[in-house]
Amino acid sequence: MWEYSEKVKEHFFSPRNAGMVEGANAVGEVGSISCGDALRLTLKVDPESETILDAGFETFGCGSAIASSSALTEIVKGMTVDQALEVSNQDIADFLEGLPPEKMHCSVMGREALQAAVANYRGEQWSDDHEEGALICKCFAIDAVMIEETVRANNLKTVEDVTNYTKAGGGCTSCHEGIEEILAVVLAEQGETFESAPVAAGMTNLQRIRRIETVIESIRPQLQADHGDVELVDVDGNTIYVNMTGACSGCQMASMTLSGIQQRLMEDLGEFIKVVPAGQMAQIAKAGA
Amino acid sequence: MSGIYMDNNATTKVDPAVVEVMLPFFTEQFGNPSSMHSFGDKVGRAMKQARQQVQTLLGAEHDSEIIFTSCGTESDSTAILSALRAQPDRKEIITTVVEHPAVLTLCDYLEKDGYTVHRLAVDSKGRLDLDAYRQLLCDKVAVVSVMWANNESGTIFPVEQMAEMAHAAGVMFHTDAVQVVGKVPIDLKRTRIDMLSLSGHKLHAPKGIGVLYLRRGTRFRPLLRGGHQERGRRAGTENAASIVALGKAAELALRHMDYENTFVKAMRDRLEAGILAAVPNAFVTGDVVNRLPNTASIAFEYIEGEAILLLLNKVGIAASSGSACTSGSLEPSHVMRAMGIPYTAAHGTVRFSLSRYNTMEEVERVIAEVPPIIAQLRKLSPYWGEDGPVADPEKAFAPTYA
Ligand SMILES: Cc1ncc(COP(=O)(O)O)c(C=O)c1O
């Protein structure tokens, strides 16, 4: 079963503004091909002030589609048309205290219905600018079409590239097989073959150290944001010595941060790595002697 | 008010008598059946009895034809992969479009590996075209894998006849019988079925135990190699407690077979008739005259299944749906789509699957609860008017699809 927030349940069990609005002068009818859900949003806009006086919905869809529709109508009532156009799908999801990643498209459908309704009010033609595909990365709710398009546009070649550009695959990593499949298809279109990322094992010492540096560099901005920092001190086989500075040194989180860095290095280099504070270098050297 | 469980095709309650027989195998009977001492010996004996109980339920000729596995999915994978490895020159598989993902996803994967997969289509009632099937049978086919009964619609396929046809063409035949075992009488020794999968948790045994029936003489290549367990056909120390449990569950299933096909069936029929009489624009999916006695799959037009389930759950009724939104996939049920059911109905299919634990009182309560829930959701639906679907629904509401 989905883990719906209390707010989603509340808006599903007692939806607000169900039904068509009397005297509506803006109608948006959209559907999400990915799940077959569809929504008709009706608005009553005051032509003078362009304020949305009333909003109503009719939805063919699942629990979160109904809740998203209900939330949408609550959000836009009282807004001007221009303000309403600023409402994003994330706003709808936030209003509902979050949606499961598989259900984010319900909030997207809400935003699209709104755009369609406003276009209808203004006598314009609304056309959808995005296409949705199968959900690949559940951690960051990234779908296949999004990955495909990003791979094409940026000439991406590896799963790591995809993660860097779209975030997909950067969480639990269980979707890497799916990402590899997309890469294989897109690269094949371009007459290339997909090869899984070269493993670090084939690198020279220098290349390996540079790679380690790159990973550490990529982590630093996050630490700096928390007023900390990390620097690479030495590499000895599988042991990597670092200095934690600023807010990171000695803080409760230091060991968690270290293991986080270790995890990232292991994922990137594809080998076992131990990250140790440089302060322990002498001790270890002594013990070894 | 206690909950009403009508989702027995998803999983079943473990019978208390089954729990009772398995418990000692967590405590005093903890031995390894392979060990050379009395601790192991008793466990070995209990497993032997369980194997015979399963053999009896299936009507298998020999008890050595029963291989215990970890689940229905493992049995399916073992069967199909074994057929391919044992006959490397045969690169084709015949299956159907409505199989469980345990078979379909594996076949999709094998297709990428260069195998040819023929997926037999079904008609609007979920039935296969046996002539189309006959034409595919040839010596390039390694295995036919066809489910005995469909988990969503309950439709039963003529697998005994299909196994005969495969046999005549010299092709191995596997059936995913996860949904029929325990619900419909089976006598494997009178059939040409070479391999059959079953899963304990669908017949009141625990989850995580399954069986692959392997007809004596069928060429076989194990999925898991290692120790000599299951005569070397499925390595890994046996899940003794669950095996004993499955044996007991098989015995009980046989004892309740008549009950299932009379009382459970009568409850299902009453449920279906009661709901259809009270709810307009609803229909039963699948092959109504040829299906499991416990399954009612009802499509409610113009509303969506997950929403129905959430409201049912609120009043303590557990059922399931072929709607896209309950599965995490994006498409409505592949089974409903394969039968050509329009999406305004396919999304609104609800499956009620009963067991011997249900009662007629429960059935009556569900019949009373369902109509207002359907009406409540239809009120929100753009396809629904005052008291019926809007005229020409598909035209009256034609959203822009993204
Ligand atoms: C027809 C069918 N095959 C296979 C399975 C998978 O069985 P298991 O859950 O034991 O792996 C199921 C149950 O979900 C099923 O209904």
Side-chain angles (χ1 to χ4, degrees), chain A residues 1-2 4 8-9 12-13 15 18-20 28-42 57-67 69-70 100-103 105-106 108-109 111-113 115-116 119 125-135 138 143-144 177 181 184, chain B residues 7 10 108-109 112 300-315 318 320-333 336-337 341-348 373 376-386 389-390 393-402:
Chain A
M1 204 163 191
W2 304 109
Y4 283 140
V8 172
K9 286 188 211 158
F12 168 65
F13 289 128
M20 275 217 249
E29 296 183 345
V30 298
S32 156
I33 203 83
S34 67
C35 119
D37 287 356
L39 156 65
R40 174 192 283 139
L41 176 72
T42 47
F57 78 90
E58 289 163 288
T59 295
F60 169 81
C62 57
S64 54
I66 289 172
S69 309
S70 167
E102 289 87 346
K103 298 291 192 158
H105 62 82
C106 294
V108 173
M109 188 171 81
R111 192 206 55 191
E112 288 173 346
Q115 291 174 339
Q125 193 67 32
W126 177 76
S127 73
D128 176 48
D129 56 353
H130 103 290
E131 197 188 336
E132 244 180 76
L135 185 66
K138 295 194 177 176
D143 67 47
E177 184 180 356
E181 275 169 22
Chain B
D7 200 9
D108 291 348
Y109 180 72
K112 282 184 206 143
F300 298 100
E301 289 185 279
Y302 309 118
I303 50 176
E304 202 274 344
E306 188 211 75
I308 304 172
L309 296 187
L310 289 170
L311 291 175
L312 283 173
N313 186 52
K314 206 171 165 223
V315 295
S320 74
S321 162
S323 124
C325 287
T326 54
S327 58
S329 81
L330 297 169
E331 300 282 344
S333 143
M336 297 304 146
R337 284 200 335 151
I341 294 179
Y343 85 82
T344 44
H347 276 286
I373 287 175
Q376 176 183 344
L377 288 171
R378 281 182 174 161
K379 231 183 220 159
L380 301 179
S381 170
Y383 296 106
W384 200 259
E386 267 311 300
V390 294
E394 244 95 305
K395 260 203 213 115
F397 180 65
T400 314
Y401 276 98

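Every chain is numbered from 1, with letters handed out A, B, ... down the list of sequences. Hydrogens, waters and symmetry mates are skipped; everything else that's a heavy atom, side chains included, is used.
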Give, as side chain, backbone, both or neither, the part of Ile303(B) having an atom under 4.5 angstrom from any heavy atom of chain A.
-> backbone

Please look at Tyr383(B) and chain A and tell me whether the side chain, the backbone, both or neither of the residue comes under 4.5 angstrom of a heavy atom of that chain.
-> side chain

To the nearest 0.5 angstrom, please state how far the [atom1] atom of [X] sits from the [atom2] atom of [Y].
X: Asp37(A); Y: Tyr343(B); atom1: CG; atom2: OH; answer: 9.0 Å
X: Glu306(B); Y: Phe12(A); atom1: CD; atom2: CZ; answer: 7.5 Å
X: Thr59(A); Y: Leu377(B); atom1: OG1; atom2: CG; answer: 11.0 Å
X: Glu304(B); Y: Ile66(A); atom1: CD; atom2: CD1; answer: 7.5 Å

Nearest heavy-atom pair of Pro399(B) and Ala38(A): which atoms, and what distance?
-> CG-CB, 3.9 Å

Compare every heavy atom of Gly63(A) with every heavy atom of Leu310(B), then report the nearest pair and how far apart it is.
-> CD1-CA, 3.7 Å

Part of Pro101(A) within contact of chain B (heavy atom distance under 4.5 Å) | neither

Please look at Ser69(A) and chain B and tell me whether the side chain, the backbone, both or neither of the residue comes under 4.5 angstrom of a heavy atom of that chain.
-> neither

With the side chain counted from C-beta on, respond yes when Phe60(A) and His347(B) share a heavy-atom pair under 4.5 Å apart, and no when they do not.
-> yes

Note, Glu177(A) side chain near Tyr109(B) side chain (heavy atom, < 4.5 Å) | yes

